[in-house]
Undergrad: 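Okay, here's the structure, questions in a sec.
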Amino acid sequence: MPIKTKIDIADLVRENIRQLTPYSSARSEFKGRAEVLLDANESPFETGMNRYPDPLATRVRERLGELKGIDPSRIVLGNGSDELVDYVTRIFCRPGVDNVICMPPTFGMYIVAADINDVECRKILLTPDFTLPVAEIEAAIDENSRVLWICSPNNPSGNLMPKEQVEYLLDIFPGIVVIDEAYIEYLPEESFIPRLDEFPNLIVTQTLSKAWGLAGIRLGAAYASAYIISLMQAVKMPYNVNVLTQQRAMEALSDEAGMKSRIDFLVQARKQMAKDLAELDFVQKVFPSVTNYLLVKFNDARMIYDYLLSKGIVVRDRSSQPNCENCLRITIGTQEENRLLLDALVGFRES
Ligand SMILES: *Cc1c(COP(=O)(O)O)cnc(C)c1O
């Protein structure tokens, strides 16, 4: 592939999406103030929830804009960032024609979204120390490559992708580059959001599911150019972020200090856990992590997994993933949970 000159993002968009007339919801069709709402066939009887949500989730986007230092016109919200993965695939990839590239071992949704949309996912393995195989990625690119998924910090390995590698790929990739920053709150200074203006083909996704502690409400966000965001707003289901989710998000986002203090605890606990695990003689390696989980290589991961389960402790077996032979992914829990895990492992004897 020749080095890309300047790409026109509109050329990457599927024709039917470029032509799309988005659904226009009742509440977005009037401007101004209204006391009497007889426009949406809702029930008039107050339940606290009888009205449809704001389809643009305006207040949440304004609050995220303040926190991230970016205009709300450059933010779109999804029912979890999972949903945004699907939107990106649908907007930029022609089924049966285009391809996306992802780098296993990584988050599984990029492949699932490609499969659902009948889009080829080219899988280029991360290096054994889980950095980006830049030359191999470059070799896999062709004229139908539309999306490159970079998970950083990467799940399940826990490391950040080297910045120079990411910058290089942003420069040469002839399509959209998505950086999945689901764990970026652990290293906020490494976010690519402040660099969106440098890279018109960049989309950054984040989530309230991890550091913000709200996996249950399903709220993810994508940050990109106003043009890319307008495409995502047009494609998304109008009421994909419900009233309860918007309310809980506003509460959580008003307490950034609380989130940061929980991060401080988890980072400390992760460091301690990494040290303690490394001392066990049936642990081969604890991979370096900047997140709230550790990828740990055991002599026999399945045996440890089953043993822990017999003690009522469930971790994630990642052994079947490339370069993750005999690896379990262990999430950092409360002090009590971490102690239970370590006590159980200390009591384990290889037979
Ligand atoms: C957990 C996780 C997500 C979050 O998905 P949500 O749908 O927002 O809960 C996204 N990407 C990665 C890499 C994750 O580990």
Side-chain angles (χ1 to χ4, degrees), residues 57 60-61 64 68 75-90 100-114 116 121 123 126 130-132 147-161 166 176-188 190-193 202-224 232 236-237 240-242 244-246 248-249 252-253 259 262-263 266 270 287 289-295 314-318 321-322 324 327-333:
V60 178
R61 285 166 55 243
L64 283 172
K68 307 288 171 181
I75 308 174
V76 64
L77 303 182
N79 188 313
S81 48
D82 286 354
E83 190 182 41
L84 302 167
V85 172
D86 182 58
Y87 292 154
V88 171
T89 310
R90 271 199 268 162
V100 302
I101 300 175
C102 77
M103 285 76 75
T106 192
F107 189 51
M109 279 307 292
Y110 318 135
I111 298 174
V112 174
I116 289 171
C121 183
K123 300 166 193 82
L126 291 174
F130 303 121
T131 62
L132 293 165
V147 180
L148 176 67
W149 296 103
I150 298 179
C151 188
S152 182
N154 187 50
N155 176 5
S157 54
N159 60 307
L160 201 71
M161 294 300 141
V166 176
I176 300 293
V177 177
V178 184
I179 305 181
D180 182 342
E181 296 186 345
Y183 301 94
I184 203 66
E185 286 84 359
Y186 292 88
L187 279 178
E190 298 293 334
S191 174
F192 267 77
I193 288 180
L202 171 61
I203 301 177
V204 173
T205 60
Q206 296 186 358
T207 180
L208 265 63
S209 294
K210 304 290 161 51
W212 288 99
L214 289 174
I217 71 170
R218 311 306 301 131
L219 189 72
Y223 303 83
M232 295 180 76
K236 82 173 187 68
M237 292 297 131
N240 64 328
V241 179
N242 69 65
L244 294 166
T245 294
Q246 294 189 33
R248 283 302 296 270
L253 295 171
M259 182 272 286
R262 290 188 292 276
I263 281 190
L266 289 170
R270 180 197 74 223
F287 288 92
S289 169
V290 297
T291 63
N292 65 323
Y293 54 88
L294 289 167
L295 189 69
V314 57
V315 297
R316 192 87 196 265
D317 187 354
R318 297 281 76 188
Q321 297 285 304
C324 294
C327 286
L328 303 179
R329 190 193 68 196
I330 300 175
T331 305
I332 306 303

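Quick caveat: nothing in here was measured; it's all calculated off a predicted structure. In each ligand, atom 1 is the first atom listed, and ligand 1 is the first ligand listed.
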Undergrad: Any donor and acceptor pair, going by atom type alone, linking the side chain of R318 with main-chain N or O of P156 inside 3.5 Å?
TA: no
Undergrad: Could I get the full list of ring-ring contact (aromatic ring centres under 6.0 Å, His included) partners for Y223, not counting sequence neighbours?
TA: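 None.
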Undergrad: For E185, which residues count as a side chain to side chain contact (heavy atoms under 4.5 Å, CB included) partner, sequence neighbours excluded?
TA: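 E185 satisfies side chain to side chain contact (heavy atoms under 4.5 Å, CB included) with K68, Q206, A211, W212, M259, I263 once adjacent residues are dropped.
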Undergrad: Under the ring-ring contact (aromatic ring centres under 6.0 Å, His included) test, which residues partner F130, sequence neighbours left out?
TA: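 By the ring-ring contact (aromatic ring centres under 6.0 Å, His included) rule, F130 matches F287.
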Undergrad: Looking at D82 and R218, is there a salt bridge between them, counting it only when a charged N and a carboxylate O are closer than 4.0 Å?
TA: yes
Undergrad: Compile the protein residues with any heavy atom at a distance under 4.0 Å from an atom of ligand 1; present them by chain, then by number.
TA: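 Protein residues near ligand 1 are G80, S81, D82, F107, C151, N155, D180, A182, Y183, T207, S209, K210, R218.
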Undergrad: Output yes when a side-chain donor or acceptor of N154 lies under 3.5 Å from a complementary backbone atom of P105, and no otherwise.
TA: yes
